[in-house]
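Sequence lines set the chain letters: A, B, ... in the order given, protein chains first and strands last, and positions in each chain run from 1. Keep in mind it's a predicted model, so treat the numbers as computed, not measured.
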Amino acid sequence: MVLKSNSSNSGSTKMPTQDNFFEHVYQVVKQIPYGRVTTYGAIAEFLGSKGSSRMVGWALNSTKYNLENIPAHRVVNRQGLLTGKRHFGGNDTMKNLLESEGIKIEANKIVHLESYLWNPSEE
DNA sequence: GAGTTGACGACTT
DNA sequence: CAAGTCGCCAACT
């Protein structure tokens, strides 16, 4: 799961103090300012796992299980494509949210992504 | 412990 | 220009 499977508790050895990776991603995403977006790659790089943007997407996936104020809709891929929209129910929820923030979307893609791009280090 | 999956990214065919 | 392939790294089965 994404949901914690019990059984596993290994008992020990490592208890995650708190899922670092995920928590880290959450915090970064939560800090994305209104009207701004960021990319998986940027976050991955910021986390130090540069190149493993997949992990970011993975972490984001848990986002919905965590239900928090995580604006996952502000995270898009390198092309500014709303790849994650399918995880929002397959509707245009994501697009709507972004547009309501003043971001222009065209063909499920952010227009002038560079203009909206936000750097985690700016946080 | 090994194999599959994944909201990506960049390169190659 | 579109589709396929490899690479990253961590979690899940």
Side-chain angles (χ1 to χ4, degrees):
Chain A
M1 133 184 169
V2 177
L3 289 156
K4 305 212 124 229
S5 0
N6 37 170
S7 42
S8 31
N9 206 358
S10 17
S12 26
T13 341
K14 286 169 129 238
M15 199 297 220
T17 331
Q18 282 170 12
D19 316 285
N20 282 343
F21 209 86
F22 288 21
E23 287 281 320
H24 221 336
V25 175
Y26 299 152
Q27 289 182 48
V28 173
V29 177
K30 280 201 240 172
Q31 289 166 69
I32 300 175
Y34 180 94
R36 290 290 172 100
V37 297
T38 191
T39 67
Y40 301 98
I43 297 174
E45 185 178 352
F46 179 72
L47 293 180
S49 302
K50 179 183 173 188
S52 31
S53 20
R54 294 182 162 192
M55 302 301 92
V56 178
W58 222 99
L60 243 27
N61 185 22
S62 306
T63 287
K64 44 196 221 171
Y65 291 92
N66 271 274
L67 284 188
E68 285 189 44
N69 300 318
I70 304 179
H73 60 274
R74 288 185 188 149
V75 184
V76 295
N77 73 351
R78 203 61 173 159
Q79 305 169 40
L81 196 61
L82 281 53
T83 54
K85 88 178 234 166
R86 72 191 194 99
H87 289 280
F88 277 81
N91 300 317
D92 291 341
T93 312
M94 195 168 175
K95 178 183 169 189
N96 264 314
L97 288 168
L98 290 170
E99 286 187 322
S100 65
E101 298 192 359
I103 298 173
K104 292 176 185 170
I105 311 293
E106 190 173 297
N108 289 331
K109 186 184 107 210
I110 294 178
V111 182
H112 286 191
L113 175 64
E114 295 182 27
S115 307
Y116 306 109
L117 243 183
W118 173 80
N119 249 321
S121 3
E122 277 185 46
E123 158 266 330

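Taking the side chain of Arg78(A) as heavy atoms from C-beta on, and the options dA7(B), dT5(B), dA10(B), the nearest nucleotide is dA10(B). The side chain of Thr39(A) sits closest to dG9(B) out of dC12(C), dA7(B), dG9(B). Of the listed nucleotides (dC8(C), dA10(B), dA7(B)), dC8(C) has the atom at the smallest distance from the side chain of Ser52(A). Distance from the side chain of Phe88(A) is smallest for dA7(B) among the nucleotides dG9(B), dA11(C), dA7(B).
Phe22(A) and Trp58(A) have tilted rings, their planes meeting at an angle from 30° to 60° on a 0 to 90° scale.
Closest of all the heavy-atom pairs between Asn77(A) and Leu113(A) is O-CD2, 4.3 Å.
Rounded to an integer number of Å, the gap from Trp58(A) CH2 to dC12(C) P is 5 Å. Going from atom CG of Asn77(A) over to atom P of dA7(B) covers 12 Å, rounded to whole Å. Atoms OH (Tyr40(A)) and P (dA7(B)) sit 9 Å apart, rounded to a whole Å. With rounding to whole Å, Leu47(A) atom CG is found 15 Å from dA7(B) atom C1'. We find that NE2 of His24(A) is positioned 16 Å from C1' of dC9(C), with the value rounded to whole Å. Per the geometry, CG belonging to Asn61(A) stands 21 Å off P belonging to dT4(B), to the nearest Å. Taking atom NE2 of residue His87(A) and atom P of nucleotide dA7(B), one finds them 4 Å apart after rounding to whole Å. Here dA7(B) presents its P atom at 18 Å from CG of Leu98(A), a figure rounded to the nearest Å.
Counting any heavy atom pair closer than 4.0 Å across all strands shown, Ala59(A) reaches no nucleic acid atom.
With His73(A) as the fixed residue, the side chain to side chain contact (heavy atoms under 4.5 Å, CB included) test singles out one of Ile103(A), Val29(A), Leu98(A): Leu98(A).
With hydrogens and angles left out, the side-chain atoms of Asn108(A) and Lys85(A) include a donor and acceptor closer than 3.5 Å.
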